[in-house]
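On a predicted model such as this, the values are computed, not experimentally measured, just so you know. Keep in mind that the numbers below use all heavy atoms, side chains included, and drop hydrogens, waters and symmetry copies. For ligands, and for the atoms within them, numbers begin at 1 and follow the listed sequence.
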Amino acid sequence: MIFRQMFDSVSSTFSYLLASRRGGEALIIDPVIEKVDRYLQLVKELDLKLVKAVDTHMHADHVTGLGALRDRTQCITVMGEQSKVDVVSMRVAEGDKLQIDGLALDAIYTPGHTDDSYSFLMEDRVFTGDTLLIRGTGRTDFQNGDARAQYDSIFNKLLKLPEPTFVYPAHDYKGDTVSTIGEERAFNPRLQVKSLDEYVELMNNLHLPNPKMMDVAIPSNMRIGLAQDEVARTGLALSAEDAMRLVGREDVKFVDLRERTERAKQGSIPGAIHVAYTDLHESIGVGGVLRQLANSTRLVFYCAYGERSAMAVQAAHKAGLPAAVHLQGGIAAWAQAHGPLE
Ligand SMILES: [Fe+2]
């Protein structure tokens, strides 16, 4: 396995690059915008293909690198389903698997620092975001933070993991880099409380100043979505209503770009074929299944929110498949318009 912990010294943020092997798919957790060049250089040096960029929660202390990484690599952006950001490509919920070639991380919903905080468990290690820090815990006094929820997330979820599990947080301000669940249970001063109420009392009396970057970071992190309107202006987008009129037509094929788990959960458009976004380039290339289909049918790409399909339709046009369009707003817009699902 390839595992890199990277540090942004301005915001004291850790970002993590994971891949199962050289030459394989990679994902990055909690990237910082100022470091995007560095990440991409490392991805290239290790001969990796970045396919997912994940934020554990909406950050208040730095601008996320998710949007920039998506724009530069066409990777899938991922956050929790509770997140209020305008668009990410994919949302995860408690119990979902975050997968790339050769690796699977379990999404654990751990609200408290924010209401969209997730931790990700991968075998012997857990990425705890700002929920559990080394000898600390994330503040709970803004962004819908909730000390009670955080107590539950930490005591009833994270501390239930095996004691040797490595803890990799999103920040450290003291120079530590990694801990374990056992160590935090024993030595984290915030966790030496006797009750939920004692924890809430402790967290509600920290009186911390707001993070320096908060006024810049939050508004900008709210708007990380791909500019789907720009794609629509080039005539490559269909509204849900327009797309609904094409269901069942012989000369139209809907192409579902989501992952199997998303399809199972949200349902799919009747008659759609499945080509996961990560297999897109192969399938629109010479001899690929979509290239074959495009000779006789019009392709309508769709995904969860329209991000992957907007990138796919641009890639298809570049590859010489001019008849492809995409469903703006994805299955979310489709469901809102009461489009049929199976
Ligand atoms: Fe945070």
**Request:** With Arg72 as the cation and Tyr39 as the aromatic partner, state whether NZ or CZ is under 6.0 Å from the six-membered ring centre and within 45° of the axis.
**Result:**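 Pair Arg72/Tyr39 does not count as cation-pi.
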Pair [X]-[Y], side-chain donor/acceptor within less than 3.5 Å:
| X | Y | result |
| --- | --- | --- |
| Ser119 | Thr128 | no |
| Asp130 | His57 | yes |
| Gln150 | Tyr199 | yes |

**Request:** Measure from the Fe ion (ligand 1) to every N/O/S atom of Asp130 and report the name of the nearest one.
**Result:**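 Nearest N/O/S atom of Asp130: OD2.
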Whether [X] has an N, O or S atom under 2.8 Å from the Fe ion (ligand 1):
| X | result |
| --- | --- |
| His57 | yes |
| Asp61 | no |
| His113 | yes |

